[in-house]
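Input: a single structure, listed below in structure tokens.
Treat the numbers as computed from the prediction; the structure is a model and nothing was measured. Reminder, nothing fancy here: chain letters follow the sequence lines and each chain counts from 1.
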Number of protein chains: 2
Amino acid sequence: MSTAEETTAGGDERQPWAEVTPEAARRLLVAAVDAFAERGYHATTTRDIAGRAGMSPAALYIHYKTKEELLARISRIGHEKALAILRDAADGEGTAAERLAGAVSSFVRWHAAQHTTARVVQYELEALGEDSRAEIVALRKEVDAQVRRVVREGVEAGEFEVPDAQGATLAIMSLCIDVARWFRVDGRWTPDEVGALYADLVLNMVGAKR
Amino acid sequence: MSTAEETTAGGDERQPWAEVTPEAARRLLVAAVDAFAERGYHATTTRDIAGRAGMSPAALYIHYKTKEELLARISRIGHEKALAILRDAADGEGTAAERLAGAVSSFVRWHAAQHTTARVVQYELEALGEDSRAEIVALRKEVDAQVRRVVREGVEAGEFEVPDAQGATLAIMSLCIDVARWFRVDGRWTPDEVGALYADLVLNMVGAKR
DNA sequence: GCCCGCTCTAAGCGCCCGCTCAGAATCCGG
DNA sequence: CCGGATTCTGAGCGGGCGCTTAGAGCGGGC
């Protein structure tokens, strides 16, 4: 497995929203993440978001033009974080198997540890407006490309044995993303444990020689 | 009739909502499935559902007490169908590997072919009221149990090699369920192809001797 | 042929939504 | 200690929501 914890580019893991300023805007955004993850974008009211941030409903509109802009900002930052995690792992050193295991375990760890954010990022895409959705779709293609690259390299190097590299990549991404749906903090596993378990299962899946 | 296709208990695959009567109630329910899958439960209005069914908004309330009852009915029938599919496969004949492959391919095929229904069934749980949610959660436990049983039997028979049967089961279910999220009718694969691909990947995942 | 019961519609009720705006509070350079 | 910019609040707008109600249309039993 990975050592203790590899550093992940693109932000501090303890303060994921440090780049959002001023502080009131950050408090609103964090409140929105919680509310969107709990109840979904459409079921969340601006009054609820403002309330969680300890402000009046009107305060929201000083920092964000609309409720949708909040979602767009969350989705943007979240996808950039996901891309940074996977790029780091895919660009790292080692065999394709080692890099794939690293990518899966970090990506899964993020989906588990930041599962509220991940839930919004992965499941509220359709609530985005046209413009932000296009931006996000482009980011997602880049995200996919990182994993596909490692899978292809593994196949070419004879490390993996898969009949359909694109299909395998899809399944791997799918497996990781779905962690955000089912992960519970009071459940059976810690984020690290799920990451390790899934890295192992994925190596099996691509027929990596062990 | 279906010859090559295995018959699946719990309803005809071409008319999935045949058990819903009268016809107007079925039309409303099908409209609700489409709308919920497209836009999500909370973003769907009763006017939209009624409009898709070619009726006035008030007509909905002759057949259903509330909008939530529509969701509950859809979720109930969908989960029963899913359970029937997996029970059939798990109770079938053959080695654990054959039964697991059958379970995964049928379950995935359903998630792909009926992806609008599956999307509602799998992603709108939190919109359910307390009572229906409890009922559905019980059904989901039974669904999980079918797959877990086959995995355990495979491990005991020495067919599979997994360090954590529960973890592997979770990953298998997760993989299948997420098909409803990403599957597109105009995409690269047919439901049958995804079913076959995924059955193969899952056998790898559990370390089945090939 | 009449009437009952079922199915449907037109109209609309009360509520809460996203969002606005006028003005109060606060901060800060000079 | 002042004055303008910035950040916030209380009140409330227009509108769409889930759902109700009164009554029209109509098919089947006697």
Side-chain angles (χ1 to χ4, degrees), chain A residues 17-75 120 124-133, chain B residues 17-75 120 124-133:
Chain A
W17 304 110
E19 67 231 81
V20 181
T21 54
E23 195 251 347
R26 178 166 55 242
R27 249 165 50 221
L28 284 163
L29 190 134
V30 169
V33 169
D34 289 348
F36 292 163
E38 246 175 57
R39 316 155 68 91
Y41 174 79
H42 288 295
T44 299
T45 69
T46 52
R47 285 161 176 85
D48 182 22
I49 297 169
R52 283 175 194 243
M55 296 167 133
S56 82
L60 197 153
Y61 294 91
I62 293 159
H63 302 283
Y64 303 95
K65 277 209 294 285
T66 62
K67 175 181 153 187
E68 198 224 306
E69 196 198 323
L70 263 169
L71 178 61
R73 286 269 248 270
I74 292 166
S75 198
V120 179
E124 301 291 347
L125 287 183
E126 279 159 31
L128 287 170
E130 196 106 355
D131 292 352
S132 10
R133 181 151 67 239
Chain B
W17 305 109
E19 67 230 80
V20 182
T21 53
E23 197 251 347
R26 178 165 57 241
R27 250 164 52 221
L28 283 163
L29 189 133
V30 169
V33 169
D34 289 349
F36 292 163
E38 246 176 55
R39 316 155 68 91
Y41 174 79
H42 289 295
T44 299
T45 69
T46 52
R47 284 160 179 85
D48 182 21
I49 297 170
R52 284 175 194 243
M55 297 167 135
S56 83
L60 196 152
Y61 293 91
I62 292 159
H63 301 283
Y64 302 94
K65 276 208 294 283
T66 62
K67 174 180 152 188
E68 200 225 305
E69 195 198 325
L70 263 168
L71 177 61
R73 285 269 248 269
I74 293 166
S75 198
V120 179
E124 301 291 347
L125 287 183
E126 279 160 32
L128 287 169
E130 197 105 355
D131 292 351
S132 12
R133 180 150 68 238

Notebook entry, point to check: Between residues 21-37 of chain B and DNA chain D, which residues have a heavy-atom gap below 4.0 Å?
Noted result: none
Note to self: I'd like to check the salt bridge (charged side-chain N to carboxylate O under 4.0 Å, His left out) partners of A:Glu23; sequence neighbours left out, ordered by chain and number.
What the structure shows: A:Arg27
Check: What residues form a salt bridge (charged side-chain N to carboxylate O under 4.0 Å, His left out) with B:Glu126, not counting sequence neighbours?
Finding: none
Item checked: Inter- and intrachain pairs under side chain to side chain donor-acceptor pair (under 3.5 Å), touching residues 57-67 of chain B, at least two apart -> none
Notebook entry, point to check: Measuring from A:Glu69:CD to A:Ile74:CD1, what's the distance to the nearest 0.5 Å?
Noted result: 10.5 Å
Checklist line | A:Glu124 side, atom CD; A:Leu71 side, atom CG - distance, nearest 0.5 Å | finding: 6.5 Å
Notebook entry, point to check: Which atom names give the shortest non-hydrogen contact between A:Leu28 and A:Ala53, and what distance separates them?
Noted result: CD2-CB, 3.7 Å
Next item on the list: Looking only at non-hydrogen atoms, find the nearest pair between B:Ser56 and B:Ala50 and report the distance.
Entry: O-CB, 3.5 Å
For residues 34-43 of chain B, please give each side-chain donor-acceptor pair under 3.5 Å, one per line with the distance, not counting sequence neighbours.
residue, atom, partner, partner atom, Å
B:Glu38, OE1, B:Arg52, NH2, 3.1
B:Tyr41, OH, B:Glu68, N, 3.2

Item checked: Summary of protein contacts for nucleotides 9-22 of chain C, nucleotide by nucleotide, where a base hit scores B, a sugar-phosphate-only hit scores S (4.0 Å, heavy atoms) -> BB-B----BBBBB-
Margin query: For the helix from C:dG1-D:dC30 to C:dG30-D:dC1, what angle separates the axis at the start from the axis at the finish, each from five pairs, in steps of 10°?
Written below: 10°
Next item on the list: List the steps and the verdict of side chain to side chain contact (heavy atoms under 4.5 Å, CB included) for B:Leu29 and B:Arg73.
Entry: CA-CA 8 Å; B:Leu29 189 133; B:Arg73 285 269 248 269; 4.1 Å; yes
Item checked: Side-chain heavy atoms of B:Val30 within contact of B:Arg26, under 4.5 Å -> yes
Note to self: Distance under 4.0 Å to a non-hydrogen atom of chain B counts as contact; along DNA chain D, which nucleotides mark the start and end?
What the structure shows: D:dC17 to D:dT21
Checklist line | A:Arg133 side chain to A:Leu128 backbone, donor-acceptor under 3.5 Å | finding: yes
